[in-house]
Asks: 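Here it is, the structure, as structure tokens.
All values below were derived from every heavy atom in this structure, side-chain atoms included, with hydrogens, water molecules and symmetry-related copies excluded. Residue numbering restarts at 1 for every chain, and letters A, B, ... go by the order of the sequence lines.
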Number of protein chains: 2
Amino acid sequence: MDKYRHIKLKRDSREHMYIQLFNAIRGLIEKNVIKSDDKLPPIRKLAELLDINNVTVVKAYDLLESKGYVYKKVGSGTFVSDKRMDSNFIATYEDGEEEIYKSLKLMDRGQIQIKDNMINFASATPTPELFPVEDFKDVLNEVLDRDKGLAFGYQASKGYYPLRESITKYLEAYNINTSVENIQIISGAQQGIDVISKALLNYGDTVIVESPTYTGAIATFKSRGVRIYEVPTNEEGIDLDVLEDYFKKHNPKLIYTMPNFHNPTGYSYSSQKKKRFLELAYKYNVIVIEDDYLSDLNFYTKENMTLKSMDNNENVIYIKSFSKIFMPGLRLGFLIVPLKLNNDILAAKHTSDISTSGLIQRAFDLYLRKDIWKKHIIYMKKIYKERFDTMIDSLEKLMPEEVLWGNPKGGINFWIGLPHGFSASELYTESINKNVVFVPGGVFYPSGKDNRFLRLSIAAVYPKDIEKGIEILSDTINKYIKKEDTNYLSKENSYKPIL
Amino acid sequence: MDKYRHIKLKRDSREHMYIQLFNAIRGLIEKNVIKSDDKLPPIRKLAELLDINNVTVVKAYDLLESKGYVYKKVGSGTFVSDKRMDSNFIATYEDGEEEIYKSLKLMDRGQIQIKDNMINFASATPTPELFPVEDFKDVLNEVLDRDKGLAFGYQASKGYYPLRESITKYLEAYNINTSVENIQIISGAQQGIDVISKALLNYGDTVIVESPTYTGAIATFKSRGVRIYEVPTNEEGIDLDVLEDYFKKHNPKLIYTMPNFHNPTGYSYSSQKKKRFLELAYKYNVIVIEDDYLSDLNFYTKENMTLKSMDNNENVIYIKSFSKIFMPGLRLGFLIVPLKLNNDILAAKHTSDISTSGLIQRAFDLYLRKDIWKKHIIYMKKIYKERFDTMIDSLEKLMPEEVLWGNPKGGINFWIGLPHGFSASELYTESINKNVVFVPGGVFYPSGKDNRFLRLSIAAVYPKDIEKGIEILSDTINKYIKKEDTNYLSKENSYKPIL
């Protein structure tokens, strides 16, 4: 408690007391006076010490939690988060190249150990040899010869007009009818989430996400100081009853969703569920952010339509990145924005980076106009389907029966549940010594805490390595199970994970 | 008052009353129930109507103001801002190309009238024929042949390591000694401001800016929900007495400054002032954001050293864009970050757009390593100096004596003060009909309100057009002066602007 004794709050300040307390404790965390996993004082005790109301402490703790400074454990209290670890995780798993390891090593946290020769189930990004480099070099040079200096001027914040045109044509192949006015160019999906947040979210607003969900979305929402509510999502998609309940109770501004081949789980909503989902969002006046992660990579379902293609009420903002199916280094994607939100989104994009590279926009426009993209998507589907099938086969053949996994119909992600009592980070530590790496599932929850789930992605692994990697993981898990047998075997059902 | 009657506030809510009121009024503004320049109810009346404390209304109005929803006029009350107009202005004046006008026309606000044949003093961006396109095409192709797919993978969020290396070498030419670890790559200066804000600012924090200052910085700070205090800045640079006073009173987190050839005024601090400025910031524990807009473009001073080169306490974050001196379409720049802030800045960059285009980073790295950049800077200085000198000559020769202007020693911007009683937006309306366009000064203040200052930039105007443009402006102003003579001439000193 001694560390909290020196906190000074001013009753006559313009600043509300709980904000002052929030800032004071944040200061202690940032200055490392209180450290990761340190427990914060019980509410009543801190209130007594500082001679303030319990409610003020509760509010300050809530705010610290919503900003990711602390986490709560039911029944045991509030603890300081390991912020830096989070950002390390995020950086590792989304980046594809060796430089990231160099720069992350500079952080000297010792967690980053991915090496070139590893079997990398962590990366959700295609490997460079799959990129359409030659085709893209051709369009780049064509643009430079055609546009010269214009290719290096500021582009409109909204995006290069001809590209926005050719995107509306590209979208026809996906049954989305929209107009050039609705298209906002962005520097990748992450920026899309960031720009939408900036335009629509104010401090104290509420956002709903699927649980689990994309780490980058969580980080962005947290940075806006909003409340995040998680709705359980399983193989059938999001739980609509809980969703409606939260819509009623929490009056959210928006919901962020990946209804097809979801990241990290690979799950999809049925058509029926998508329809109902849209109805509910419209009824309760909640804007839907649809992150179309990979609806293109459909292998075994007829229900991979996007929410946007079903959106009759202009209530969906659609995000599409070109990173996963073309090349991440383009840093290019687009939003489909309902007209009523156009100006706010444009202003937010402008304050973010003024505009996306005109050279890349012009080159990609040519790439779309020449219909080269279709050929590439067919190629990528062929490559990924082989990996996908190998993954299913390997899991079925090699995984111990105590391990469960979802049954995705497309995409690149598999969500694995370890037997109750095992944590993904334990498995991570073991398997990285055997040159296999994946993403522990905890990072896909706002709390960021370790649990027994993990994500395996096939984007960066050759078929033969998929089988080898799953074999190594299975062996490691089997050893655990044997070791723990004497302790746990008697407890029935203890191995049954809920997926 | 009728429009406010339906506001419902809950006393038992987790949300503080003034936040509820803020959200309610924001709703009225966003739904256009109350419109631009509508007056908000007097504080006491609204408090009575809703049966709440006066202070709650004051706090809600303050919050609305800090977020740009309303503005205050001393003595007459609080009024709804024209938000959309702001974003239009920003988008126009920073973008350089015809597509922007297309997309802005879609907004259908009728304010955008810049055409190709106009004398464009508004743009602060070089015109495309000045870009080193051929050189850059060469390095692009060299990178594509050398790195193939790697050029299109995710780059590290921190930036491409070799580029960060070559930037430290480039900086030696500017007397800045720093290490690769301090360099953070960004997608242009605007993103730099955005990323720093995300990393360091929390809702309710305080930021200090020069007055006037860069519109894009204002917009970003506003979007973080911080309080912005403006310190008067004139030909001598920032007012250090006011600055110290604000440091003491308002406990700011950071100060944003352009100490060399400032935007929009062109002013610079003396070495003495820079030294004292750094001392004060360090003493009061305020982080300095130095936006090195154009210290390279020095024509007539020996005092264009950067704050960073004088920063002995690792208290300056330095922002450098390559847009103004190389090509804006690169969307490339860098930060020099004090080591203690490294992780926070990296995490903020990651949530913004994961990473900056690897292709552009690799090409620019080659461009620096081959020392081609030096040649280009010499070329640009020659071009700009001719324009700069022509501007000075034209202003001296042609402007009515009632008009004052600053006396910059370099850069591209001139800050013009009209005689008292004339507004820049009046002049704007007149002169755009005569095919001359500039930026009215109001946009460079957080209030965004019209005043009698304007910015003339020479970046996009040929010398012969500079003279012609100033002639047209002078004629227009002279006509005003004559027309107003009968009204104003008797009022002595009424023409003297304070610069």
Side-chain angles (χ1 to χ4, degrees), chain A residues 15-16 19 84 87 90-91 94-97 99-100 102-103 106-107 125 128-129 131 133 137 140 144 148-158 160-161 181 187-188 190-191 194 198 203-204 216 219-220 223 225 327-331 343 346-347 350-354 356-360, chain B residues 15-16 19 84 87 90-91 94-97 99-100 102-103 106-107 125 128-129 131 133 137 140 144 148-158 160-161 181 187-188 190-191 194 198 203-204 216 219-220 223 225 327-331 343 346-347 350-354 356-360:
Chain A
E15 199 141 64
H16 199 62
I19 304 261
R84 272 183 260 183
S87 63
I90 294 168
E94 289 302 320
D95 286 287
E97 222 192 315
E99 277 80 19
I100 188 68
K102 276 192 206 152
S103 71
L106 296 177
M107 286 188 188
T125 310
E129 83 278 4
F131 299 161
V133 177
K137 186 178 166 190
L140 268 175
L144 286 169
K148 300 193 177 64
L150 285 178
F152 291 108
Y154 275 117
Q155 216 62 47
S157 296
K158 185 100 183 151
Y160 179 57
Y161 194 91
E181 293 174 49
S187 309
Q190 180 67 40
Q191 186 182 67
D194 196 49
K198 200 184 272 186
Y203 181 82
T220 298
S223 97
M327 302 186 284
L330 295 174
R331 306 314 305 130
N343 284 350
L346 178 59
H350 191 87
T351 62
S352 296
D353 67 352
I354 301 185
T356 296
S357 160
L359 176 64
I360 302 287
Chain B
E15 200 141 63
H16 200 63
I19 304 261
R84 272 183 261 184
S87 65
I90 295 168
E94 289 301 321
D95 285 289
E97 223 193 313
E99 278 79 19
I100 188 70
K102 278 194 205 149
S103 71
L106 297 177
M107 285 188 190
T125 309
E129 82 279 4
F131 298 160
V133 178
K137 187 177 166 192
L140 268 176
L144 287 168
K148 302 192 176 60
L150 284 178
F152 291 108
Y154 275 116
Q155 215 62 46
S157 295
K158 184 99 184 153
Y160 178 59
Y161 194 91
E181 293 174 48
S187 309
Q190 180 67 40
Q191 186 182 68
D194 196 49
K198 199 185 272 185
Y203 180 83
T220 297
S223 96
M327 303 186 284
L330 294 175
R331 307 311 308 127
N343 284 349
L346 178 59
H350 191 86
T351 63
S352 295
D353 67 352
I354 301 185
T356 296
S357 160
L359 175 65
I360 302 288

Asks: Heavy-atom distances under 4.5 Å only: say whether B:K137 touches chain A with side chain, backbone, both or neither.
Replies: both

Asks: Determine yes or no for a side-chain-to-main-chain donor-acceptor pair under 3.5 angstrom, with B:Q191 supplying the side chain and A:S352 the backbone.
Replies: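 No.
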
Asks: For chain A, which candidate among B:K198, B:Q190, B:M327 shows the most heavy-atom pairs at distances under 4.5 Å?
Replies: B:Q190

Asks: What distance do A:I360 atom CD1 and B:S357 atom OG have between them, rounded to the nearest 0.5 Å?
Replies: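 Spacing of CD1 (A:I360) from OG (B:S357) equals 4.5 Å.
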
Asks: Kindly indicate, with the supporting measurements, whether the criterion side-chain contact (heavy atoms from CB on, under 4.5 Å) is fulfilled by A:L140 and B:L359.
Replies: CA-CA 11 Å; A:L140 268 175; B:L359 175 65; 3.7 Å; yes

Asks: Is chain A contacted by the side chain of B:F152, its backbone, both, or neither, given a heavy-atom distance below 4.5 Å?
Replies: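 Looking at B:F152, backbone and side chain both touch chain A.
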
Asks: Drop me the distance from B:D353's CG to A:D194's CG, to the nearest 0.5 angstrom.
Replies: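 B:D353 atom CG to A:D194 atom CG measures 8.5 Å (nearest 0.5 Å).
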
Asks: Please give me the minimum heavy-atom distance between A:G149 and B:P128, naming the atom from each residue.
Replies: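 Of all heavy-atom pairs spanning A:G149 and B:P128, the closest is C-CB, 3.6 Å.
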
Asks: Can you check side-chain contact (heavy atoms from CB on, under 4.5 Å) on A:R331 and B:Y154, steps first, answer last?
Replies: CA-CA 8 Å; A:R331 306 314 305 130; B:Y154 275 116; 3.5 Å; yes

